[in-house]
Amino acid sequence: MVTGGVVSSIGKGITAASIGRILRSYGVDVTAIKIDPYLNWDSGTLNPYQHGEVFVTEDGMETDLDLGHYERFLNVNLSGECNITTGKVYSSVINKERKGNYLGACVQIIPHITDEIKAMIRKTADKTQAEVVLVEVGGTVGDIESQPFLEALRQLRNEEGHDNVMFVHVTYVPYLRAAGEFKTKPTQHSTKELRGTGITPDMIICRSELPIDNHLKEKIAHFCDVDKNAVINAPDVHSIYEIPLILNSENVGEYIIDRIKIEARKPDLYEWSRIVESLKIDESRITVGIIGKYVELEDAYISIRESLKHAAAELGVKVDIEWIRAEDSVNREKLDQFDALLIPGGFGERGISGKLDAVRYSIEKEIPIFGICLGMQCMVVEFARMHGFEGANSTEFDENAKHPVIDIMLEQKKIKNMGGTMRLGSYPCKVEGGTIAHDAYKEDVVSERHRHRFEFNNDYRDILVEKGLTISGTSPDNFLVEIVEIKDHPWFLGCQFHPEFKSRPNKAHPIFKSFMKAAIDKKRSN
Ligand code: GLN
């Protein structure tokens, strides 16, 4: 169980994912759960400015971005049930109450809500048959919202036994420049707060700007009453992928294996160190411009950023990402400086004109361009406008568009009343031979994750193909357009799905890799 103290945004998710990676290196089968103590049922309705990217699982759940870290670090596909929210817990309990399942009992936070939380955790444990379930509690200890969850975890330790449940508290140790020293008091306070819930931490992971020394660790061990070997320091690092190596050098794996009495196997982080090394490349810089709407918060496009890094590392180059605000009219000279452009997904009209501008410019100047979801839709709109369909648009932005080249398909309109208006999760895609997509995937059928309402309008399919658009991927029944390309361009590809959710540090996504190759070629030709 991983809890957090002092402040948020100290990388608790990465720390939990790194612990998972270390345990996997011992051959231990691990799964992970993120608890988000907000009332939203899922992350789908949350503003990316506040919570960052919405990560989509194979089974189509819109989840917290930490699930993305878990999938990338653990190299597993998680199910939507691995994201537990207060909304899910309460709605399940209320549903049961309405059905009369509680047989006249007064339904309360303890035991009904806490029982529900424990049941959800145990269900994932049973379903996955994992040896270890990592549970990260979002927010910081002391938040009103997280109290029922901490209480449930406390009960779980009692029910499952001390040897089967371990608590790791992640805190922050600030360095006061004026005083010239690190301060342990916030860590002491947050540990005290945690103890107030009945939970004694077994390990404290201290995040800090700079490395802390042994004397300080001893002080924390003494005041927080944990083993000296269980006070771990994780100072800021260059790349998040280094964290498992840092934690392992402090014997985190050994301590946990010993504490929860798992049969020890020989740890092997060799492959992971190799990945970290390949990500360290500093020469051969490739610059990619991302034209997006939420550029002030990089976390809003975290999976795209990581996918670009994975692809660059596999090709032996370093990627520099520049974020371009889509709402500013795009400065064409600026676009010229990039080796490639990327238009990510999004919702709503804000920033569309900048994205369309970038599409046109990349066509005219032959700059490699990659459109994802909304990005692909912008590519289709602009291509149509450039080929005689003035007023082409998506009905998301103009319901009465003269040429609604992107629209809601009739089938989707029908299901509106059932609540499922979005196409979510994994769907198969048939890939046409002799295309960029097929060249990249080297497969005839692939499976990719979706999160969108609007689709390429089939009424415009034949005519746009006639004008030079290539449909290189469709649903297996040929009904939905999944990938578009254009010929006579070094690299122009848009996909309706989100390939970024499936890229892994040890296995870059084929489309991202193909895109990065095109960027390298562009740079070389300059
Ligand atoms: N807003 C578009 C749609 O709903 C694109 C969604 C996305 O980019 N994820 O179809």
Side-chain angles (χ1 to χ4, degrees), residues 42-49 51-58 60-65 67-68 290-295 297 299-305 307 326-327 341-356 358-359 369-382 384 392-399 401 404-413 415-416 419-427 429 448-458 460 473-475 479-484 493-503 509 511-512:
D42 65 17
S43 304
T45 52
L46 288 170
N47 184 341
Y49 267 133
H51 284 266
E53 160 188 292
V54 175
F55 188 79
V56 181
T57 53
E58 285 286 299
M61 187 73 78
E62 298 174 276
T63 69
D64 184 77
L65 57 77
L67 265 80
I290 300 187
I291 302 115
K293 182 167 140 182
Y294 309 107
V295 292
L297 183 75
D299 271 2
Y301 302 113
I302 197 161
S303 291
I304 289 181
R305 189 185 69 195
S307 303
E327 28 299 58
L341 301 170
L342 189 151
I343 308 182
F347 293 82
E349 203 191 352
R350 185 163 67 84
I352 292 301
S353 69
K355 292 179 182 179
L356 295 178
V359 172
I369 185 163
F370 185 5
I372 295 177
C373 206
L374 179 68
M376 174 257 196
Q377 297 172 355
C378 288
M379 284 172 152
V380 174
V381 168
E382 191 58 29
N393 213 338
S394 161
T395 49
E396 182 177 2
F397 317 125
D398 179 4
E399 265 184 58
V405 290
I406 303 292
D407 196 6
I408 293 191
M409 295 285 94
L410 204 62
E411 277 63 22
Q412 227 111 357
K413 282 181 187 161
I415 60 170
K416 214 171 201 165
T421 61
M422 278 235 239
R423 191 159 167 242
L424 281 167
S426 223
Y427 286 92
C429 166
E448 294 285 1
R449 301 185 197 173
H450 292 249
R451 180 179 182 237
H452 59 102
R453 258 180 214 104
F454 294 80
E455 304 275 357
F456 187 110
N457 183 346
N458 283 334
Y460 289 87
T474 61
S475 53
F479 185 69
L480 298 171
V481 171
E482 295 274 23
I483 316 175
V484 300
L493 183 146
C495 50
Q496 189 54 82
F497 46 79
H498 290 269
E500 71 271 25
F501 295 140
K502 290 184 77 168
S503 178
H509 190 284
I511 301 266
F512 274 92

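Indexing begins at 1, ligand by ligand and atom by atom, following the structure's order. In what follows, residues are counted from 1 in the order of the sequence shown.
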Problem - Sub-3.5 Å N/O-N/O distance, Gln496 and ligand 1 - result: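 In this structure, Gln496 places no N or O atom under 3.5 Å from an N or O of ligand 1.
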Problem - Contact (N/O only, under 3.5 Å) between Leu374 and ligand 1 - result: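 In this structure, Leu374 places an N or O atom under 3.5 Å from an N or O of ligand 1.
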Salt bridge check, [Y] against [X]: does any charged N sit closer than 4.0 Å to a carboxylate O?
X	Y	result
Arg451	Glu500	no
Glu382	Lys355	no
Arg453	Glu396	no

Handout entry: Spacing of CD1 belonging to Ile372 relative to CZ belonging to Phe497, to within rounding of 0.5 Å
Key =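 Reported value, rounded in 0.5 Å steps: 9.0 Å.
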Handout entry: Value rounded to 0.5 Å, distance of CD in Gln496 from CG in Leu480
Key =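 It comes to 8.5 Å.
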Donor-acceptor contact below 3.5 Å, side chain [X] vs main chain [Y]:
X	Y	result
Asn457	Asp407	no
Asp64	Ser43	no
Glu53	Ser303	yes

Handout entry: Gly345 neighbourhood, listing ligand 1 atoms whose heavy-atom distance to it stays under 4.0 Å
Key =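 Reading through ligand 1 atom by atom, the close ones are 8 (O).
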Handout entry: Close-contact set for ligand 1 against His498 heavy atoms, below 4.0 Å
Key =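 It comes down to these atoms of ligand 1: 9 (N).
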Any idea which protein heavy atom is nearest [atom], and the distance to it?
atom	answer
atom 7 (C) of ligand 1	Cys373 SG, 3.0 Å
atom 10 (O) of ligand 1	Phe454 N, 2.8 Å
atom 2 (C) of ligand 1	Glu396 OE1, 3.2 Å
atom 4 (O) of ligand 1	Arg453 N, 3.0 Å
atom 9 (N) of ligand 1	Arg451 O, 2.8 Å
atom 8 (O) of ligand 1	Gly346 N, 2.8 Å

Handout entry: Contact check, Gln377 vs ligand 1, heavy-atom distance below 4.0 Å
Key =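 Contact check Gln377 vs ligand 1: positive.
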